[in-house]
There are 2 protein chains.
Amino acid sequence: MLPSENIKDFLDQGPEYLPSVSVDCVIFGFHEQQLKVLLLEFKKTKAHALPGGFVFKNESTAEAAKRILWERTGVKDIYLEQFYTFGEPNRGNWDVHKATMASHGFDLTKEHWLLQRFITIGYYALVDFSKVKPTPDIFSDVGDWYDVHDTPPLILDHNRIVAKALETLRLTIDHKLVGFNLLSETFTMNELQSLYETVLDKKLLRANFQRKMLNLGILERVKKKFTGKAHKPPFVYRFNAEALDKQNS
Amino acid sequence: MLPSENIKDFLDQGPEYLPSVSVDCVIFGFHEQQLKVLLLEFKKTKAHALPGGFVFKNESTAEAAKRILWERTGVKDIYLEQFYTFGEPNRGNWDVHKATMASHGFDLTKEHWLLQRFITIGYYALVDFSKVKPTPDIFSDVGDWYDVHDTPPLILDHNRIVAKALETLRLTIDHKLVGFNLLSETFTMNELQSLYETVLDKKLLRANFQRKMLNLGILERVKKKFTGKAHKPPFVYRFNAEALDKQNS
DNA sequence: GCAAAAGTGTTGTCTCTACACCCATGT
DNA sequence: ACATGGGTGTAGAGACAACACTTTTGC
């Protein structure tokens with residue numbers, strides 16, 4: 001199918017969506033000591049944006065967010081949390097959308113549904129970087145990871161949305177043990193500490209961090225050790241979900 | 001003006017609102033050792049509901065919440081915070097609305113804008129109980145305070161919205177010093193402690209609570225003392241905003 | 001003086017911080 | 001052996017709970 005046909009399909013879908021409501025996803029990953037965000041780049045205009053979309057009339061907003069995540073990352077069962085709803089009447093200008101559509105041969109009038117006011121519900125997702133293959137959508141040819149502190153200018157108020165998501169993650173990670181979703185199933189204590197240091201943006205002491213984590217009683221030490229460099233091999237840990245449930249109850 | 005004319009005006013206002021989006025306010029007050037919520041009671045159906053409303057097309061959702069608060073409580077400059085957006089496709093049934101409108105002589109078809117799906121953005125407000133005169137709207141003849149743990153069944157998913165607001169308040173009050181908004185300008189340490197005990201639903205020790213609060217450095221001791229019973233009069237404190245700003249910076 | 005409630009002091013426990021020390025591995 | 005990074009021990013600082021004590025009022 002030609003891209004323009006895809007886009008026509010999309011534009012025709014307008015009436016199937018809940019008016020005025022959109023969903024944007026801030027997808028966090030962790031790689032090489034950096035906290036990353038998944039961003040899309042529009043084909044023609046080279047503008048950057050968060051993966052987002054609209055909500056079908058009989059779909060919950062959380063389901064919409066999951067659907068979008070699946071389309072962009074190919075992963076289901078993702079850790080997903082709503083963090084804020086952005087309800088300003090003027091969240092930025094829509095010229096990029098207009099230009100993008102024009103470049104595909106669709107001249108949208110000011111009254112077109114895509115150019116109306118939308119409030120957007122922000123969800124953030126924590127994913128295992130290694131399991132995710134960024135998938136572009138019909139408007140973007142590239143989906144790629146960016147250091148959260150070094151993002152390009154984004155369309156609309158998406159920079160603010162990223163900032164708010166990061167702020168929420170920071171406040172959350174300390175008392176909700178959410179960080180494990182950003183690592184692969186097994187990990188070393190050092191990896192976990194790097195993650196915390198990156199998110200909280202401050203150095204932590206090995207000794208104390210380790211004790212704190214182990215005292216939570218939610219880490220299971222996998223017997224196997226690491227093989228690698230010229231030093232004592234670290235233990236590999238696994239996150240123990242049952243123990244966490246006990247804590248929360 | 002007749003009530004039915006008011007209601008006609010309201011129904012005609014549909015096109016001026018942002019479709020699919022509503023705002024609901026959980027208004028907390030503190031009185032006689034109880035945490036209270038302001039609820040409306042519909043005239044005919046006797047159903048209870050949160051004060052809520054719709055968002056004008058060129059108004060932010062926060063402004064809409066403030067407007068609704070002002071209409072219901074007569075107070076401006078209220079502490080207001082967004083806490084969650086409820087985006088399920090089926091948030092309960094709208095029969096009450098239909099019945100209410102029917103009782104005023106308006107038979108709404110299934111396609112009427114008021115009976116469509118709405119996502120609702122929850123805001124909670126903390127107000128000085130003594131300054132608030134609950135004001136009913138055109139659909140309700142009574143606005144009244146209820147103990148948050150003893151609310152009547154509410155329409156739609158409003159019970160859940162109250163529960164979520166309370167949960168958010170609990171998590172917030174400890175590290176964001178938000179409780180002062182629920183008291184009058186000056187208050188005794190005992191009142192403040194009662195508030196915390198009620199919100200957190202546990203007993204605290206006088207001595208330790210007092211130290212903790214005073215050590216925050218945000219309470220100013222008003223020289224005047226209390227007059228009353230047969231015991232040592234308590235100091236009256238005032239919340240010192242400047243000191244708080246210093247802390248947050 | 002006495003009851004009642006406000007306010008202060010003290011002590012032990014727990015947690016976090018900082019740093020010192022020991023352990024296992026590859027070269 | 002030794003450099004490198006993983007893991008443990010411990011002393012000091014600070015926070016918090018529990019309880020005892022003093023203070024000020026009306027009766």
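Here is the naming used below: chain letters follow the sequence lines, and residue numbers restart at 1 for every chain. Note that the structure is a prediction, hence the values are computed from the model and not measured.
Rounded to whole angstrom, the span from the CG atom of B:Leu192 across to the P atom of C:dG7 amounts to 12 Å. In this structure, B:Leu205 atom CG and D:dA20 atom P are separated by 12 Å, rounded to whole Å. In this structure, CZ of B:Phe209 is placed 16 Å from C1' of C:dA5, rounded to the nearest angstrom. Between the CE atom of B:Met213 and the P atom of C:dT8 there is a distance of 16 Å, rounded to whole Å. The separation between B:Asn215 atom CG and D:dA15 atom P is 8 Å, rounded to whole Å. In this structure, B:Leu204 places its CG atom 8 Å from P of D:dA17, rounding to the nearest Å.
The aromatic rings of B:His175 and A:His175 sit tilted relative to each other, their planes meeting at an angle between 30° and 60°. Note on ring orientation: taking the six-membered ring where Trp is involved, the planes of B:Phe129 and B:His31 are parallel (angle under 30°, cut-offs 30° and 60°). Using the six-membered ring where Trp is involved, B:Phe180 and B:Phe239 have ring planes that are parallel, under 30° apart on the 30 and 60° scheme.
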What nitrogen or oxygen pairs link the protein and nucleotides 7-10 of chain D at under 3.5 Å?
unit_1	atom_1	unit_2	atom_2	d
D:dG7	OP1	A:Phe235	N	2.7
D:dG7	O6	A:Arg206	NH2	3.2
D:dT8	OP2	A:Gln210	NE2	3.3
D:dG9	N7	A:Arg211	NH1	3.3
D:dG9	O6	A:Arg211	NH2	3.4
D:dT10	O4	A:Arg211	NH2	3.2

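Around atom CD of B:Glu185, no more than 12 heavy atoms belonging to other residues, nucleotides or ligands sit under 6.0 Å away.
Taking the side chain as every heavy atom from C-beta outward, B:Lys36 and B:Phe30 never approach each other to under 4.5 Å.
Remark: aromatic rings of A:Tyr196 and A:Phe209 are close, center separation under 6.0 Å.
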